[in-house]
Amino acid sequence: MSSISKSEKAYIQSSLLSDPPLRADGRGLTDFRTVALESGVAPLANGSARVSIGRNAYDGGGGTEVVAAAKLEVETVGDGEGVDGGRVVCSVSCSPTAYPLLSSNALDDLQHDMTSLLHATLSHPTIRPQNLCILPGKKSWLLNLDVIIFSDAGNIFDAIFMAARAALWDTKVPRTRSVQYRAKKSDRKDATQAMDVDEATHTGSALDTRETVQVSDFELPDYWDEGEPLDGRQTWPVCLTLNLLPTSHFLDATLQEEASVPLKLLVLYSFQSDTPPLLRSMRLLGTGVSDLVQVKSLLKDGEKYARIVWTALEGKLKDEDLRRNQKARERFLNR
Amino acid sequence: MAQSAGDRRRINGPEESFSPVFDDDEEDIKLKTQRSRAAGDIRPIFLQPGLISQANGSAYIETDKTKIACAVYGPRQTKTTTYSEKGRLNVEVKFTPFSCMRRRAPIRDAEDRSLAVSIHQAIVSSIRLELFPKSTIDVFITIIENDGIEGCIASASVAASTALADAGIEMLGLVSACSAAIVGDDIHLDPSEAEARASSGTVILACMPALDNVTSVWQSGHMTADMALKCMERCHERCIDIHSIVAQSLLEHRTAA
Amino acid sequence: MSSRIELLNAGLLRSDGRRPYELRTLSINFASQGTADGSVTFSHGLTEVRVAVLGPREAKAGSRRETLHDRATLNVEVQLAPFGVGERRRRGRGDKRLLELAATIKSTFEPVVQVHLYPRSTIDIFIHVLQLDGGLLPACINGSTLALATAGIPLFDFVCAIAGGVHGTQPLLDLTTVEENDIPSIVVGVMPRTGRVTLVQMETRLHMDRFEEVFRAACDAGKVLWSEMRDALRERTSDLVEALEAGPGAFAAKEVEEI
Amino acid sequence: MSSSSITKPSAADDTLRAQIFQRLHPRVYLERFTAEKFRPDGRTFDEWRKVSVNVGSISTADGSALVRMGDTTVVCGVKAEVAEPDLDLPEQGFLVPNLDLPAICSPKFKPGPPTEEAQVLSDRLNEALVTSGVLSLSSLCIHPGKAVWTLYVDSTCINYDGNAFDATLLAMLAALRNTTLPKATYDEETGRTTCSRKNRSPLQLERHFASTSFGVLETSHVLSDPTAFEEPLMDVALTVIVDDHGQLISTNESGAGISQETLLQCISRAKERASQLQRLL
């Protein structure tokens, strides 16, 4: 988003193309800056994470900084936009600090474009978590994923999706229990049984027609943790931005590099152990052209880098899980 | 669908009204997903440049049910005071209220903008914007009927490129675009709305076939990288056909004028 | 004035265990934010705001007309993170409450910032509220003071703001959301060095006698805040001076410790 | 320009010069034509432009029409939605006509909210449809007090070359004629309205009519069906609406005054035109 002079542009381009390629901060073409991740940064949200890329070491500031938080709301199916089985709604907002040169209209448009990519990718029906359903056909969770960009020092899309993935990974869906109101005493026993069944298997009860007719509401049982994680939380994709030079490409561009290399390919992959890696989104952005042969090789390379990022992220998220659960358990015991 | 209450610039209806609910919705959807042409075939294209006499250049495109009109105004003076060395390409998309199954209230919404962004991406690299300092080229697109957003983006990109050529704006090449959806294990080119909804992933490819390069790739949903490449290759083949249709229609329009 | 939570119990302890005049924990972090000239993350209890100051600089393209020929204009924008409050609600830029808050902050700082030094320019104060538990305006003002100071913009004085309220006849300081909703409250912004007050805001009804009592307590609290804020700022400045003397690369050593 | 060196200006040069002259002195340009009893597009004063109507081509609408009047092109689509009726008019449906003049149709419009012109035209169209009683609103009732049809009659101008009012009214009437509504039943228990996809019936239109617009230049020249170039140069704009029995529904005049004679002359020509247009539908 920064504007640079023609000569600066030419200087950066030629050093990227030289042999060996040179970057201002001494990185290789496929090296990332330091990535820091912390989950659980917003206590009022059901899941949250802060990601920063390339922050400076002395005060933890600078660099690209993004916070994502997921918040759950109960929605009635069929009312307004409520959908059976729940839905995910994403939004990105930018702090004016991140883009100090943009007018507020341009900032709105930018927010909008980022939102549309995030939303199109994460709310696609093929990736929707199973446990967003509370009462089949009646109530479901609406997951609002809000991403705030505090500062952009390049490579913003990778940061957004990393934060989004971490926040969704961190998201706990409160446990719910179906309740029903019945007057007759003789049915009580049946009712408690039904509750147990429903608590144990959420989706199973959907098949039981007797259940769906009678269950009228739900309650939130008190439990030591905040709930269970989202289903299939491994499937949330990671984003990788490949900045395209005529003959090669590089990763994790800084603002200046982004301004001098206008064309980039965004690839979003998700990896699961049992299936081949899935492409979740791909976008060519910026001015300039590519061709099929190049896209083909980029997809291959992109998958390779994405797997590295994915593995690193997965490891970090599991560490965070341990750290956070530990804390939660201790807090519960000390109560 | 709610109408923005108290909008004094329009004639307002009741505060709230809803799309009719039909008794046999599911049957209808099943009917619509049935495809009458082969998986690799696209819908027939009707393309007519120069229908809008007020514009510098224009094109109307119809692919089966999808109907889109596009007009180009400019290059004209950029209104802001900041100097720009290159020309600016401005794409605006508008849906008519009756273009979709549900009525769209006449307010600019999220979809309009994301469509405009993807069409912008498809055509921006084909225009020699460096020739138009301090100017803006406005591309206005009205979607009269929509049968599948993917098809709309592709068709609108083709129409926009045709309209730009009709306006005599210097370009590197004509852009053609095609969409594909993965339904089951098959690749269906140029999917309709019902097909796209039933698919697990879609791809839109825009390219300049004369230069053999790609200006935009827009993939959503999920698929393997191989499948995505296959989709792109199929789209690319069709783009070459579309390119000749565009060239033909422009030629006919010129000789007729 | 009935609430299910007892705001002040018989032992003069408040709902979160504080005594009436006790302030919540202050945390001040000067980590840089993007390209901002001055920045601070200021948290007061569970209320957390990020403030970034940009400028003095040329105004953005859209608002260039608003610049003044003899002094700098202040531009304050406040955003609220949707996940920072109990019930998620998106507030756009046009939200009335946030605009009013921004206007209050702007008018508070206009007499404090030495705007006459920078004609035809703009000083932007961007505030992002990350979490909200009462005392939003004081946190924004205190944060802005520190951010302006780190940006090196000359101020006549600090502005230290604090909320105060009255429960029954007992004045309370530094209110949480629960307290704010239930008892009459005021916000006071003092300039501690000169002892002047630049802001008093009251939107509820309060007895005259009680007002004076709370007002005095708040003014004193402002001085306490001042010493905290001044210390934090001094520490940062001495860090900078140290770094300057040590030369480049000195921070790298510190980095290792941190990780 | 030194005429001595240029022996014979080419045809292309002439066209360009004419265009520049038209741009700089539109009024004089037009007057040169009217002095010869012709108009810039080659029409005589009382000649209308060619009109074509194409109905029912939009499948997402319940009724649609595309009208071309010369170069002016208007698309109209009718969307029917279910709404709760007003409390004091429990058996009346709603008819909501709007005209959009988007940036695509003319260089004089910019993207954004409706222009003043679009607002005025929408108001006049609403007036025309309501006062003429084209459709009995009670025929849109599904269940008194609970559910009625709302017909959104949305028109979009694709190409704006003058006389948008006539073209749009024609498109709206054609689209309404083309509209079919599904058979709807209101379930009192659930409070929901369901429709049958197979059983559709056309709207019962009460009256057929058409509007004709004129522009008057210097009180004597009456130009029928003015183009976008002529419209702003006219001293008086006059629109006459008559029904298929030759009954006058309304007239709308703006600008300087006109003589009674001219008005009567216009009305009789409007009748002639209306029956012509009716034949098209």
Side-chain angles (χ1 to χ4, degrees), chain B residues 1 3 7-25 27-28 51-56 58 60 62 64-65 67 69-74 76 79 90 92 94-108 138-142 144-147 193, chain D residues 57-62 64 66 70-71 73 75-86 94-98 100 102-108 111-114 118-119 122-123 125-126 148-152 154-156 158-161 181-182 184-185 192-198 228:
Chain B
M1 194 180 289
Q3 179 113 12
D7 185 349
R8 306 191 62 165
R9 294 168 308 201
R10 295 184 177 89
I11 310 289
N12 289 312
E15 248 167 58
E16 258 191 329
S17 60
F18 304 94
S19 269
V21 181
F22 289 97
D23 43 13
D24 52 354
D25 258 344
E27 219 173 294
D28 193 61
L51 277 183
I52 300 174
S53 61
Q54 304 294 309
N56 296 79
S58 65
Y60 171 78
E62 197 175 305
D64 204 3
K65 282 181 180 166
K67 297 176 183 66
C70 172
V72 172
Y73 290 92
R76 49 188 180 187
K79 283 287 174 290
N90 175 37
E92 305 256 352
K94 213 167 176 174
F95 282 86
T96 56
F98 46 84
S99 60
C100 305
M101 290 317 285
R102 290 182 78 167
R103 179 176 185 264
R104 294 176 86 103
I107 315 163
R108 201 185 119 142
D138 285 304
V139 176
F140 297 127
I141 293 164
T142 296
I144 301 169
E145 187 177 347
N146 158 27
D147 187 16
E193 188 168 2
Chain D
S57 52
I58 297 166
S59 67
T60 44
D62 296 293
S64 63
L66 179 126
D71 275 333
T73 312
V75 208
C76 177
V78 177
K79 275 291 226 185
E81 293 199 340
V82 180
E84 227 175 89
D86 273 342
F94 300 92
L95 186 65
V96 192
N98 270 297
D100 188 16
I104 191 175
C105 71
S106 163
K108 66 177 186 172
Q119 293 176 43
S122 289
D123 269 342
L125 288 162
N126 187 32
V148 292
W149 286 110
T150 301
L151 296 182
Y152 291 101
D154 290 300
S155 298
T156 300
I158 300 293
N159 194 6
Y160 184 91
D161 191 16
L181 288 180
T185 37
R192 290 173 72 160
T193 308
T194 41
C195 304
S196 148
R197 209 176 272 281
K198 292 172 195 109

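All values derive from a computational prediction rather than experimental measurement. Residue numbers begin at 1 in each chain, while the letters A, B, ... track the order of the sequences.
- Surrounding CD of D:Gln119 are more than 12 heavy atoms belonging to other residues, nucleotides or ligands, all under 6.0 Å away.
- Using a 4.5 Å cut-off between heavy atoms, D:Pro97 contacts chain B through both its backbone and its side chain.
- A distance of 10.0 Å separates CZ in B:Phe18 from OG1 in D:Thr193, rounded to the nearest 0.5 Å.
- Taking each heavy atom of D:Lys79 and B:Met101 in turn, the nearest pair found is NZ-O, 2.6 Å.
- To the nearest 0.5 angstrom, B:Phe140 atom CZ is 10.0 Å from D:Cys105 atom SG.
- At a threshold of 4.5 Å between non-hydrogen side-chain atoms, the residues B:Ile144 and D:Thr156 do not count as touching.
- When heavy atoms are compared at a cutoff of 4.5 Å, D:Asp161 approaches chain B by way of both its backbone and its side chain.
- The two atoms that bring B:Ala71 and D:Ile104 nearest to each other are CB-CG1, 3.4 Å, heavy atoms only.
- Across every non-hydrogen atom of B:Asn12 and D:Val96, the tightest pair is C-CG1, 3.9 Å.
- Considering only heavy atoms from C-beta on, B:Gln54 comes within 4.5 Å of D:Pro107 through its side chain.
- Between B:Ser17 and D:Phe94 the shortest side-chain heavy-atom distance does not fall below 4.5 Å.
- Shown here for D:Pro114 and B:Arg10, the closest heavy-atom pair between the two residues is CD-NH2, 3.4 Å.
- Contact of D:Asp62 with chain B is not made at all, since no heavy-atom distance falls under 4.5 Å.
- Residues D:Pro182 and B:Phe22 have side chains in contact (heavy-atom distance under 4.5 Å, counting atoms from C-beta outward).
- Both the backbone and the side chain of B:Ser53 come within contact range of chain D, judged by heavy atoms closer than 4.5 Å.
- There is no contact between D:Ala118 and chain B, counting heavy-atom distances below 4.5 Å.
- Inter-residue side-chain proximity for B:Thr142 and D:Val75 is flagged as unmet; no heavy-atom pair is nearer than 4.5 Å.
- Heavy-atom pairs under 4.5 Å with chain B were tallied for D:Ser122, D:Ala80, D:Cys76, D:Ser106; the largest tally goes to D:Ser106.
- Annotation for B:Lys65 and D:Ser59: closest pair CD-OG, 3.4 Å, computed over non-hydrogen atoms.
- Residue B:Asp138: no heavy atom, backbone or side chain, is found under 4.5 Å from chain D.
- Environment of CZ in B:Arg76: crowded, with over 12 heavy atoms of neighbouring residues, nucleotides or ligands closer than 6.0 Å.
- Annotation: maximal heavy-atom pairing with chain B below 4.5 Å, among D:Pro102, D:Pro111, D:Ser155, D:Ala61, occurs at D:Pro111.
- To the nearest 0.5 angstrom, B:Arg103 atom CZ is 4.0 Å from D:Asp154 atom CG.
- Between B:Pro20 and D:Glu81 the shortest heavy-atom distance is CD-CA, 4.2 Å.
- In this structure, the separation between OG1 on D:Thr60 and CG on B:Asp147 is 8.5 Å, given to the nearest 0.5 Å.
- Taking CD1 of B:Ile11 as the reference point, atom CG of D:Leu125 lies at 8.5 Å (rounded to 0.5 Å).
- Once rounded to the nearest 0.5 Å, the distance linking CD of B:Glu16 with OG1 of D:Thr150 reads 11.0 Å.
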